[in-house]
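What follows is a single structure, written as structure tokens, with notes after it.
Ligands are counted one by one from 1 in listed order, and the atoms in each one are counted from 1 as well. Computed from a predicted structure; not experimentally measured.
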Amino acid sequence: MTSTNHTTAGGVILFSGGVGGAKLALGLDRILPAGALTIIANIGDDFRHMGLAISPDIDTLVYTLAGLVDTDKGWGRAEESWNFMAELRRLGGETWFQLGDRDLATHVERSRRLEAGETLATITRETCQRLGIRSRIVPASDKRVQTRVVTEAGVLAFQDYFVRRRAEPVVSELRFIGASEATPPVTAVAALRDPALQALVIAPSNPWLSIDPILSVPALRTALEQANVPRIAVSPLVDGEAIKGPTAKLMAELGLPVNQASIARHYRGLIDGLILDHADSAEVEAVEALGIRATTTATVMRSLEDRQALAAFALEFAASLRRS
Ligand code: FO1
């Protein structure tokens with residue numbers, strides 16, 4: 001495992017969804033000293049499926065940081081086998097949500113421990129320790145926050161919309177059930193209050209589908225609003241397209257121009273700076289007109305080097321925004 005102690009080392013908090021966010025999480029994890037990174041993970045995608053408690057974004061982060069993720073898909077386990085799914089198909093069971101044999105162990109064990117009364121934060125922390133992960137991965141809340149997608153096909157649970165229906169139905173609204181009563185776990189609160197905290201970073205995850213469920217937890221939104229350290233986001237858009245997933249499609253359906261100003265407007269009051277891809281340098285001015293500092297770099301992360309370079313750039317950008 002390579003690790004370069006970053007010159008501006010201190011605590012860093014990353015707000016992250018699954019696949020896109022996990023790439024930046026890995027870059028930060030590798031360049032920061034062990035224990036300096038806390039990742040507050042989206043739980044709006046979590047659901048119960050076939051009696052199991054499934055937390056896809058937490059698992060994507062865990063597998064990515066542990067070096068166990070299927071790097072082609074971006075989720076699930078590498079070197080996976082699919083015997084369970086094959087047998088389930090034979091029995092006429094539900095197979096629209098793919099659960100590999102190795103991955104299944106995570107869900108079975110998490111379900112058992114939740115039923116025994118343990119919290120999602122504790123289970124996730126101990127899973128990270130067992131898998132040798134240097135950073136903290138903390139769910140946005142121990143209480144459930146469930147994303148509901150209001151579409152032309154009705155009000156859908158997140159995975160029904162995203163996986164079963166391939167994000168095809170036209171979306172008009174998003175709801176986060178349980179958010180108003182949700183509170184962040186103590187480990188997230190401690191990281192937010194840590195005097196060594198140097199930056200709050202929003203990953204290039206889908207702002208509406210992956211980051212908003214986190215920000216719907218009142219104490220987390222307030223923490224961002226009132227932070228006295230630099231707050232930055234990495235835009236998920238490159239040249240009017242999302243690197244992965246339905247961000248651009250969703251923005252159009254919500255009646256928003258598919259550009260960087262819309263991302264900046266969405267995070268207004270929550271961020272001091274926004275990182276855009278070089279391809280969008282013409283949009284820097286429009287973002288800065290909203291009172292948010294903008295800068296450009298290469299935001300498409302193909303290799304581990306790309307992930308580390310973007311992570312280092314984000315920390316330097318945040319440091320440059322530090323109020324004196
Ligand atoms: N995404 C899919 O597109 N199809 C699947 O069958 C699928 C299964 C799956 C199983 C476990 C897991 O942790 C993630 C899984 N994902 C699957 C990814 C996931 O549902 C989405 O990428 C996220 O919820 C969006 O961040």
Side-chain angles (χ1 to χ4, degrees), residues 14-26 39-66 68-86 88-89 93-111 114 120 123-124 127-128 131 133 137 139-140 144-149 156-169 171 174 176 202-216 236 242-250:
L14 180 72
F15 294 78
S16 180
V19 179
K23 291 183 178 176
L24 183 60
L26 181 62
I39 303 158
I40 300 184
N42 174 34
I43 53 163
D45 301 17
D46 293 14
F47 73 135
R48 285 203 82 91
H49 184 56
M50 299 188 302
L52 298 172
I54 311 218
S55 296
D57 286 359
I58 288 177
D59 291 348
T60 296
L61 287 161
V62 167
Y63 294 158
T64 300
L65 296 199
L68 298 172
V69 79
D70 176 332
T71 48
D72 292 333
K73 295 203 303 284
W75 53 267
R77 290 286 309 266
E79 294 171 28
E80 186 58 285
S81 58
W82 300 93
N83 296 307
F84 168 74
M85 281 324 271
L88 193 62
R89 190 168 295 111
E94 273 192 71
T95 55
W96 60 271
F97 196 79
Q98 297 283 305
L99 294 172
D101 300 334
R102 289 179 193 271
D103 185 35
L104 204 50
T106 302
H107 312 305
V108 170
E109 180 60 2
R110 176 170 40 231
S111 307
L114 283 171
L120 184 59
I123 299 164
T124 306
T127 303
C128 287
L131 297 179
I133 294 173
I137 299 172
R144 291 193 68 183
V145 174
Q146 293 172 272
T147 301
R148 289 280 180 276
V149 190
L156 305 175
F158 181 83
Q159 299 296 346
D160 188 8
Y161 159 75
F162 194 83
V163 173
R164 197 196 317 226
R165 299 175 196 237
R166 300 167 202 277
E168 282 165 3
V171 177
L174 291 146
F176 307 112
I202 298 178
S205 304
N206 186 315
W208 290 269
L209 292 181
S210 300
I211 301 297
D212 276 2
I214 304 175
L215 301 180
S216 71
I243 294 163
K244 195 175 186 299
T247 308
K249 174 180 178 284
L250 183 79

Which residue and non-hydrogen atom of the protein lie closest to [atom], and at what distance in Å?
atom: atom 6 (O) of ligand 1; result: Q98 N, 2.8 Å
atom: atom 24 (O) of ligand 1; result: D45 OD2, 2.7 Å
atom: atom 22 (O) of ligand 1; result: F162 CE2, 3.8 Å
atom: atom 16 (N) of ligand 1; result: W75 CD2, 3.3 Å
atom: atom 9 (C) of ligand 1; result: F97 CZ, 3.2 Å
atom: atom 13 (O) of ligand 1; result: P56 CA, 3.4 Å
atom: atom 20 (O) of ligand 1; result: Q159 OE1, 2.9 Å

Keeping the roles fixed (side chain from [X], backbone from [Y]), state whether a donor-acceptor pair exists under 3.5 Å.
X: S205; Y: G17; result: yes
X: E94; Y: M50; result: no
X: K249; Y: E168; result: yes
X: D70; Y: G76; result: no
X: R102; Y: E79; result: yes

Those atoms of ligand 1 less than 4.0 Å from some heavy atom in F158 |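 Taking each heavy atom of F158 in turn, ligand 1 has 24 (O) under 4.0 Å.
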Test of proximity, S55 against ligand 1: N or O pairs below 3.5 Å |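 The answer is no, given that S55 and ligand 1 share no N or O pair closer than 3.5 Å.
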Heteroatom distance test (H107, ligand 1): nitrogen or oxygen, under 3.5 angstrom |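 For ligand 1, there is no N or O atom that lies under 3.5 Å from one belonging to H107.
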Report the part of D103 (side chain from C-beta onward, or backbone N, CA, C, O) that has a heavy atom under 4.0 Å from ligand 1; answer both or neither where that applies.
->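 Side chain only.
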Which bit of D57 gets closer than 4.0 Å to ligand 1, counting heavy atoms only: side chain, backbone, both or neither?
->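 It is the side chain that gets close, since no backbone atom is under 4.0 Å.
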Heavy-atom distance to atom 4 (N) of ligand 1: which of L209, L61, V163 wins?
->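 Going through L209, L61, V163 one by one, V163 has the nearest heavy atom to atom 4 (N) of ligand 1.
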Check the pair V149 / L174 against side-chain contact (heavy atoms from CB on, under 4.5 Å), numbers first and verdict last.
-> CA-CA 5 Å; V149 190; L174 291 146; 4.0 Å; yes
Non-neighbouring partners of F47 that pass ring pair (Phe, Tyr, Trp, His ring centres under 6.0 Å), sequence neighbours left out |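 Partners of F47 under the ring pair (Phe, Tyr, Trp, His ring centres under 6.0 Å) test: H49, F97.
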Pair T147-Y161, side-chain donor/acceptor within less than 3.5 Å |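 On atom types as modelled, these side chains do not qualify, holding no pair under 3.5 Å.
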Which pairs count as salt bridge (Lys or Arg N to Asp or Glu O under 4.0 Å) when at least one residue sits in residues 40-51, sequence neighbours excluded?
->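 Counting only pairs at least two positions apart or across chains, the salt bridge (Lys or Arg N to Asp or Glu O under 4.0 Å) contacts touching residues 40-51 are R48-E115.
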